[in-house]
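These numbers come from a predicted model, not from an experiment. Chain naming here is simple, since letters A, B, ... match the order of the sequence lines and numbering starts at 1 in each.
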Amino acid sequence: MNIEIVAPKPYDFAASVRDHGWIALAPFGWIADQNAVQRVERLNDGSVVLLIIAAQEIPDHVRIAAQVEGTSRLSATQRREIEQKVHWMLKLDEEFSEFYSLCARDPELAAKVKGRGRLLRSPTFFEDVIKTICTCNTTWTQTKGMIARLVERLGDPLPSSDPARHAFPTPVQIADAGEKIFETDIRLGYRNTYALRLAREVSEGQRNLEALKSSDLPFKELKKALKQIMGVGDYAAHTLLMILGRYDEIAVDSEFRSFVGRKYANGKTLTDKDMLALYSDWGRWKYLVYWFDSSS
DNA sequence: TTCCAGGGGTAGA
DNA sequence: TCTACCCATGGA
């Protein structure tokens, strides 16, 4: 079964989805020989399917094809859900023309960003908050391990896949799992508490994370709302704002400091403030400008 | 052993 | 608003 979606041009699908490390976090994956994103996805009705998402350039736009495996037929509701999720994951709703025209003032940057900017995100904001918390104060290798264990231990399995592959667990599945399995098997370290607490808040209806996806709150207020989540500080809030399409502020982490130090410091020691000042001219696009400044 | 990685919470000033 | 200290985990 195939679901087709039209994406605007310019759109470099293969580069865009791999520009974000999320492609390496379960249940996402990259199929190199097909230039396709794969993802095990649990639908709202509880069924679990495998999505294989690829793109094809045609004259006026880009055609996204999502192949759905693991079910013999799809209801209209299921098709609509998959369409909406793919649309959100690929950020097909965002407008980047202002960003591209702004980049024209820096030829090196302009050459790099062509058709890029639509960084991969997860279908639910809950998943992206959990993943972001698992990037804090740890290495990327460990983040991948934490998310792989979380998905493998708590997510619903894809029917008849061998070895078993799993969807990202729902807030209820995480909340119901309890602390013990986090300590013995999933091992997020002190983030165990944050993940469980968030899952409980969401599953009990005390926190509506998905509503933030369509929020038109000003940047500062949205940031304030995100920082109310236990485990989310400035770095995580700016990362999550990027995921929501707000690029006003850079997420300062060891990676940012190391890149700016290498490229601009010339042996001097720079404070975070000094480093951020290097990007101050880029208005509401600072995060993306830094992102592509630091990427190849 | 010690350090620290794509930081954040908390207490105290 | 700023600083010092603590935090689980695992690789270097």
Side-chain angles (χ1 to χ4, degrees), chain A residues 17-26 28 117 119-122 125-154 174 177-201 207 209 220 222-244 246-265 269-279 286-296:
Chain A
V17 296
R18 288 179 299 165
D19 274 332
H20 198 197
W22 263 209
I23 190 69
L25 297 182
F28 278 121
L119 304 185
L120 185 66
R121 60 186 167 189
S122 307
F125 196 51
F126 171 72
E127 180 177 332
D128 279 339
V129 176
I130 296 286
K131 285 178 170 174
T132 300
I133 287 173
C134 290
T135 65
C136 291
N137 194 27
T138 188
T139 58
W140 181 240
T141 304
Q142 289 206 70
T143 300
K144 287 191 280 189
M146 290 180 215
I147 300 301
R149 293 191 293 273
L150 181 66
V151 167
E152 197 264 328
R153 302 295 295 180
L154 302 182
I174 293 179
E179 288 162 27
K180 182 131 189 153
I181 194 172
F182 272 84
E183 284 166 14
T184 58
D185 288 25
I186 302 171
R187 303 192 306 280
L188 308 184
Y190 62 84
R191 303 166 201 79
N192 285 345
T193 314
Y194 300 155
L196 277 165
R197 177 165 175 167
L198 183 63
R200 286 181 184 133
E201 289 172 355
R207 192 184 287 283
L209 286 180
K220 280 187 178 174
L222 200 46
K223 176 175 172 180
K224 196 174 168 188
L226 289 169
K227 285 184 72 172
Q228 284 168 2
I229 301 167
M230 192 67 75
V232 174
D234 282 338
Y235 154 80
H238 290 173
T239 300
L240 291 165
L241 281 153
M242 172 279 283
I243 282 167
L244 293 174
R246 310 291 193 95
Y247 308 101
D248 308 48
E249 299 294 343
I250 293 167
V252 176
D253 55 15
S254 60
E255 201 67 17
F256 171 75
R257 296 188 183 102
S258 142
F259 165 72
V260 174
R262 281 196 313 274
K263 182 161 180 177
Y264 300 107
T269 46
L270 298 179
T271 64
D272 288 352
K273 209 172 168 182
D274 296 332
M275 294 189 179
L276 288 170
L278 295 166
Y279 294 92
K286 289 189 276 293
Y287 193 112
L288 274 188
V289 169
Y290 152 63
W291 192 267
F292 288 107
D293 191 25
S294 70
S295 82
S296 49

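Remark: A/Thr135, A/Cys136 in residues 127-136 of chain A come within less than 4.0 Å of DNA chain B through at least one heavy atom. For the segment residues 246-262 of chain A, the set of residues with a heavy atom within less than 4.0 Å of an atom of DNA chain B comprises A/Asp253, A/Ser254, A/Glu255, in numerical order. Taken residue by residue, residues 288-296 of chain A places heavy atoms nearer than 4.0 Å to DNA chain B at A/Trp291.
Here, B/dA11 and C/dA8 have their P atoms 15 Å apart, quoted to the whole Å. A distance of about 24 Å separates the P atoms of B/dG6 and C/dA4, rounded to the whole Å.
Not counting sequence neighbours, A/Thr269 has no partner by the side chain to side chain contact (heavy atoms under 4.5 Å, CB included) test. Considering only residues two or more places apart in sequence or on other chains, A/Phe182 meets the ring-ring contact (aromatic ring centres under 6.0 Å, His included) condition with none of them. Residues meeting the side chain to side chain donor-acceptor pair (under 3.5 Å) test with A/Arg257, sequence neighbours left out: A/Asp272. Scored by the side chain to side chain donor-acceptor pair (under 3.5 Å) test, A/Tyr290 finds no partners at all (sequence neighbours excluded).
If A/Ala237 and A/Gln142 are placed on DNA chain B by their nearest nucleotide, the residue sitting closer to the 5' end is A/Gln142. Mapping A/Thr141 and A/Asn137 onto DNA chain C via the closest heavy atom, the residue that lands nearer the 5' end is A/Asn137.
Once rounded to the nearest 0.5 Å, the distance linking OH of A/Tyr194 with CG of A/Leu188 reads 12.0 Å. Note: A/Ile174 CD1 to A/Asn192 CG = 11.0 Å, rounded to the nearest 0.5 Å. Atom-to-atom distance recorded for A/Lys131:NZ and A/Ile133:CD1 is 13.0 Å, nearest 0.5 angstrom. Atom OH in A/Tyr264 sits 11.5 Å away from atom CG in A/Leu270 (nearest 0.5 Å).
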Atom pairs and distances, donor-acceptor, side-chain atoms in residues 138-147 of chain A, under 3.5 Å, two or more places apart:
unit_1   : atom_1 : unit_2   : atom_2 : d
A/Thr139 : OG1    : A/Gln142 : N      : 3.2
A/Thr143 : OG1    : A/Cys134 : O      : 2.7
A/Thr143 : OG1    : A/Thr139 : O      : 3.1

List, one per line, each side-chain donor-acceptor pair under 3.5 Å for residues 223-230 of chain A, sequence neighbours excluded.
unit_1   : atom_1 : unit_2   : atom_2 : d
A/Lys223 : NZ     : A/Asp234 : OD1    : 3.3
A/Lys223 : NZ     : A/His238 : NE2    : 2.9
A/Lys227 : NZ     : A/Asp234 : OD1    : 2.8

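Atom CG in A/Leu240 sits roughly 13 Å away from atom C1' in B/dG7 (whole-Å rounding). Per the geometry, OH belonging to A/Tyr235 stands 12 Å off C1' belonging to B/dG8, to the nearest Å.
The side-chain heavy atoms of A/Phe125 and A/Ile243, taken from C-beta on, include a pair separated by under 4.5 Å. The closest side-chain heavy-atom distance from A/Phe28 to A/Val151 is not below 4.5 Å. A 4.5 Å side-chain heavy-atom check between A/Asp253 and A/Thr239 finds every atom pair outside the cut-off.
Contact annotation for A/Asn192: no contact, since no heavy-atom pair falls under 4.0 Å across all strands.
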N/O to N/O distances under 3.5 Å, protein versus nucleotides 1-3 of chain B:
none

Using a cut-off of under 3.5 Å, enumerate the N/O to N/O pairs linking the protein to nucleotides 9-13 of chain B.
unit_1 : atom_1 : unit_2   : atom_2 : d
B/dG9  : OP1    : A/Gly231 : N      : 3.0

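Taking 4.0 Å as the cutoff to heavy atoms of chain A, we find the contact window on DNA chain C bounded by C/dC7 to C/dG10.
With A/Leu150 as the partner, the side chain to side chain contact (heavy atoms under 4.5 Å, CB included) test is satisfied by one option alone out of A/Leu25, A/Asp185, A/Ile186: A/Ile186.
Judged purely by atom type and a 3.5 angstrom limit, A/Lys286 has no side-chain atom pairing as donor or acceptor with the backbone of A/Glu249. At distances below 3.5 Å, at least one donor-acceptor pair connects side-chain atoms of A/Asp128 with backbone N or O atoms of A/Ser122.
Within 6.0 Å of the CZ atom in A/Arg246, the count of heavy atoms belonging to other residues, nucleotides or ligands exceeds 12.
Between A/Trp291 and A/Tyr287, the ring planes lie parallel to each other; the angle is under 30°, not in the 30° to 60° tilted range.
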